[in-house]
Protein chains: 2
Amino acid sequence: MFSVSARTQYAIRAMSCLATRQDRSATSAELAQAESIPPKYLEGIMSNLTARGLIESERGKNGGYRMAKDPAAITMLEIVEAVDGKIKPVTCVDAAGACALGGNCHPRKFWVGLKQTIDAYLAESTLKDVSEG
Amino acid sequence: MFSVSARTQYAIRAMSCLATRQDRSATSAELAQAESIPPKYLEGIMSNLTARGLIESERGKNGGYRMAKDPAAITMLEIVEAVDGKIKPVTCVDAAGACALGGNCHPRKFWVGLKQTIDAYLAESTLKDVSEG
DNA sequence: CTATATTCCTATCTGGATAGTAGGAATATA
DNA sequence: TATATTCCTACTATCCAGATAGGAATATAG
């Protein structure tokens, strides 16, 4: 229950690896190698992280990725949302009455609270914290 | 991300429904009807809840289910664990070194913290709270 | 003792999401 | 021109949650 996707785990490992490199830069292939992540799969993940502005990319020869911010300024919530989208325990979490039950949906408040709880935890954990264990 | 299984949602709805009935009892078929849950699927869920001791069952004609405790004494954590098992963000959450990374797994502490955060939220929400919205 | 209504058990099917693969286009360097 | 990279799109495979089916066990009523 509530298992974390491989996608998110890969993203965090790759980011940690990148953050702890001298110069804080590396190619996707290097990160895949270092963290035992399927290389082609990681490419797509890296693009997500770039789109979100957590890292910066350089194409072509001698290209690769580098940290766009200090690891202490990057939260786990940003990483998770970048690769897997927003936390959504139930479909109606951001739209009351979206489920088949309509307005008569008592549990909704509870699920919204769960989302907020998870979001808060992820937002207060930084990449620096996690990569240092 | 972090979506809640239909199984757990069904369990909570069925429990809420049962809790708010006069006499706090009903058959599986009645609950399925009232909450628009596939009847045969609900049967298995009800068995899980019975095994956990949250409700009591009576077989045969005039049989059915009844609350085993006060709804204020039943937590969401109990219901979730009864039907979907323990919260487990990552496989290594209760066994350090269980993953391919071995002991060199910095993120583990973070995932364990997430589990504890979710567990705590679920444990402080009672069936009474949720069924009343 | 038979008919009926229920929980309980086991096995099976299925669709959709997740994980991973493939091929190449765009881009940068030398 | 050759090479190394990110980036884009499409495809395939695998797995599991969700659901279904059939019937065994059990209790009640007439």
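Lettering follows sequence order; numbering is per chain, from 1.
- Ranking C:dA19, C:dG20, D:dT20 by closeness to the A:Arg7 side chain, first place goes to C:dA19.
- Contact annotation: A:Ser47 reaches the phosphate of D:dC7 (side-chain N/O to OP1 or OP2, under 4.0 Å).
- Shown are A:Arg7, A:Lys86, A:Lys88; of these, the salt bridge (charged side-chain N to carboxylate O under 4.0 Å, His left out) with A:Glu81 is made only by A:Lys86.
- Heavy-atom contacts from other residues, nucleotides or ligands closer than 6.0 Å to CD of B:Glu124 number more than 12.
- If you measure from atom CD of A:Glu56 to atom P of D:dT5, you get 19 Å, rounded to the nearest angstrom.
- Each of B:Lys69, B:Arg24, B:Arg66 was scored for a salt bridge (charged side-chain N to carboxylate O under 4.0 Å, His left out) with B:Glu56, with one residue passing: B:Arg66.
- Using cut-offs of 30° and 60° for the angle between ring planes, the A:Phe2 and B:Phe2 rings count as tilted.
- When the P atom of D:dC16 is taken as reference, atom NZ of B:Lys88 falls 13 Å away, rounded to whole Å.
- The shortest distance between side-chain heavy atoms of B:Val90 and B:Arg108 does not fall below 4.5 Å.
- Taking both residues in full, the closest heavy atoms of A:Thr50 and A:Ser57 are given as CG2-OG, 3.7 Å, listed atom of the first, atom of the second, then distance.
- Here C:dA19 presents its P atom at 9 Å from CD1 of A:Ile45, a figure rounded to the nearest Å.
- Counting heavy-atom neighbours within 6.0 Å of B:Lys115 NZ, excluding the residue itself, gives a total above 12.
- Rounded to whole Å, the distance from CZ on A:Phe2 to C1' on D:dA17 is 15 Å.
- The side chain of A:Tyr65 places an N or O atom within less than 4.0 Å of a non-bridging phosphate oxygen (OP1 or OP2) of D:dC7.
- At least one side-chain nitrogen or oxygen of A:Tyr10 sits closer than 4.0 Å to the OP1 or OP2 atom of C:dG20.
- Between A:Tyr41 atom OH and D:dT12 atom P there is a gap of 18 Å when expressed in whole angstrom units.
- As judged by a 4.0 angstrom heavy-atom cut-off over every strand, A:Gly44 is placed among residues making no nucleic acid contact.
- Rounded to an integer number of Å, the gap from CD of A:Glu43 to P of C:dA19 is 17 Å.
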Secondary structure of DNA chain C per the Watson-Crick/G-U criterion (both distances under 3.5 Å; [ ] crossing, | other strand, . unpaired) is ||||||||||||||||||||||||||||||

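- Atoms CG (B:Asn48) and P (D:dA17) sit 13 Å apart, rounded to a whole Å.
- Checking side-chain atoms of B:Gln9 against main-chain N and O of B:Val4 turns up a donor-acceptor pair under 3.5 Å.
- Rounded to whole angstrom, the span from the CD1 atom of B:Ile37 across to the C1' atom of D:dT20 amounts to 16 Å.
- Summary of the strand contacts: A:Gly63 and B:Ser5 both lie near DNA chain D, and taking for each the nucleotide with the nearest heavy atom, the more 5' one is attributed to A:Gly63.
- Distance alone, capped at 3.5 Å, places no donor-acceptor pair between the B:Asp23 side chain and the B:Ser25 backbone.
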Letter by letter from the 5' end, nucleotides 25-30 of chain D scores (B base, S sugar-phosphate only, - none; protein heavy atoms under 4.0 Å) BBBBS-

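- Counting heavy atoms of neighbouring residues, nucleotides and ligands inside a 6.0 Å radius, atom NZ of A:Lys109 does not exceed 12 of them.
- Distance from the side chain of B:Thr50 is smallest for C:dC8 among the nucleotides D:dG18, C:dC8, D:dC7.
- In this structure, of C:dT7, D:dG22, D:dC7, it is D:dG22 that holds the atom nearest to the side chain of B:Lys40.
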